[in-house]
There are 2 protein chains.
Amino acid sequence: MIDEQQVAITDSEWDLMRAVWTLKRVTSRQLIEIMETERQWAPSTTKTMLRRLIKKNAISQVGDTRPFDYVPAVREQQSMDAAAVRLFDSMCAMRTGSAVAAVIQSRELSQDDIANLQQILAEKMKTAPKTVACNCLPDGNCMNMNEGDEHIGQ
Amino acid sequence: MIDEQQVAITDSEWDLMRAVWTLKRVTSRQLIEIMETERQWAPSTTKTMLRRLIKKNAISQVGDTRPFDYVPAVREQQSMDAAAVRLFDSMCAMRTGSAVAAVIQSRELSQDDIANLQQILAEKMKTAPKTVACNCLPDGNCMNMNEGDEHIGQ
DNA sequence: TTTTTAAGTTTACAGTTGTAGACTAATAAC
DNA sequence: GTTATTAGTCTACAACTGTAAACTTAAAAA
């Protein structure tokens, strides 16, 4: 019964969601204060986001008496995984490896994270194909490095 | 003189961009046909996307006589890297590793890709911290696994 | 129990995105 | 040279986003 339909979370919604995930159960008051001091959001902005996230089923309102509490309705890791996978879905398969490399290089990973990734990669290597085909339209190879980049940049 | 300000590419724009990257130099006619057969886009939709991408400086119009040609103005790999890094920027640093793992597990990587990643990870391991702090608001630890997940899912 | 205040709900509004029709200006065909 | 085709530009429009004011209702305070 885990949350099936992963909701799409927008940029600023991530901000609010992260606070809710961190606090696990919050009042709108708390959220308003946090977003106000940390993100300069007007109280109304937080209220609107909260309302939208509830409608999207990413947050649930609990309690029946007035200062309600709000709790996450989707898990953080799952939402992150889904968002990341989704993004890669829209990009060329052939270049996934490099993009993942860029991400890894751009941020800090713990020893455990790295060990875990190494473990996964070692396993994956066993059945890895020599190459991954480009899946861009029109069934072409977006990577053939002939001419073509002269116009890029300014 | 590489493209500095990486433009934000939307979901459907990725589709068109990929075709442009693949073909390197295309006419609107070609694009219209590709998107029409492969994505069921109305000709106008392709035209609009093309126009918007030009305005965003992701594609350049070249030539001075009527059937113009269109060429990418940003590099595919760079755009992918930027988009991926950007997404991770809005999510919890502490969970980056797991999300990257999810991505890796979700798709095919070539032997070279894997070797490259392994190389990067090995290098990164040398200076990897024991743990990566959660950078969610309110400076909390979004990962402390006490109670809190009872409400999730339905 | 009337007033205040805080919490929650509606409305607003510009900009973006997905989709696409309408219109205009070059070319190509006759 | 007209006319028919295209290629390119403008307009449209609803849904979604970022941002927030206005309004309403339920508690809390007086």
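Computed over heavy atoms, backbone and side chain alike; hydrogens, waters and symmetry mates excluded. Within every chain, numbering begins at 1; the chains are lettered A, B, ... in the order of the sequence lines, protein sequences first and strands thereafter.
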Salt bridge (charged side-chain N to carboxylate O under 4.0 Å, His left out) between Asp89(B) and Arg107(A), worked out: CA-CA 9 Å; Asp89(B) 276 344; Arg107(A) 51 212 61 215; 2.8 Å; yes
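- Comparing Ser44(A) and Asp64(B) against DNA chain C, the residue whose closest nucleotide sits nearer the 5' end is Ser44(A).
- Residue contacts for Thr45(A): at a heavy-atom cut-off of 4.0 Å it reaches a base atom on one of the strands shown.
- The hydrophobic cluster containing Val132(B) does not contain Leu87(B), counting ILVMFWY residues as joined when their side-chain heavy atoms lie under 4.5 angstrom apart, directly or transitively.
- Taking every side-chain heavy atom of Arg52(B) into account, dT17(C) is the closest of dG21(C), dT17(C), dT10(C).
- Counting heavy atoms of neighbouring residues, nucleotides and ligands inside a 6.0 Å radius, atom CZ of Arg86(B) does not exceed 12 of them.
- Two residues, Met49(A) and Pro67(B), neighbour DNA chain D, and the one matched to the more 5' nucleotide by heavy-atom proximity is Pro67(B).
- Between Tyr70(B) and Ala8(A), the one whose closest nucleotide on DNA chain D sits nearer the 5' end is Tyr70(B).
- For the pair Phe68(B) CZ and dT6(D) C1', the interatomic distance rounds to 12 Å; values are reported in whole Å.
- Between the CZ atom of Arg66(A) and the C1' atom of dA26(D) there is a distance of 5 Å, given to the nearest Å.
- Nucleic acid contact class of Thr65(B) (heavy atoms, under 4.0 Å, all strands): sugar-phosphate only.
- Backbone-only engagement by Arg29(B) is indicated by non-hydrogen atom pairs under 4.0 Å involving sugar-phosphate atoms exclusively.
- The CG-P distance, from Asp69(A) to dA7(C), rounds to 12 Å in whole Å.
- Thr48(A) comes within 4.0 angstrom of a nucleotide base, judged by non-hydrogen atoms across all strands.
- In this structure, the NZ atom of Lys47(B) is 14 Å from the C1' atom of dT19(C), given to the nearest Å.
- Note: CD1 (Ile9(A)) to C1' (dG18(D)) measures 16 Å, nearest angstrom.
- Contact check for Glu13(A) versus Leu16(A): no side-chain heavy atoms found under the 4.5 Å cut-off.
- Counting non-hydrogen atoms under 4.0 angstrom, Lys56(A) reaches the backbone sugars and phosphates but no base.
- The separation between Arg39(B) atom CZ and dG18(C) atom C1' is 14 Å, rounded to whole Å.
- Here the side chain of Trp41(A) is nearest to one of dT19(D), dG8(D), dT17(C), namely dT19(D).
- One interatomic measurement links the two molecules: CG of Leu50(A) to P of dT17(D), which rounds to 16 Å at whole-angstrom precision.
- Rounding to whole angstrom units, CG of residue Leu31(A) and C1' of dA6(C) are separated by 15 Å.
- A close approach under 4.0 Å does occur between a side-chain nitrogen or oxygen of Thr10(A) and OP1 or OP2 of dG18(D).
- Both Ile114(B) and Val103(A) are members of a single hydrophobic cluster when ILVMFWY side chains are connected at heavy-atom separations under 4.5 Å.
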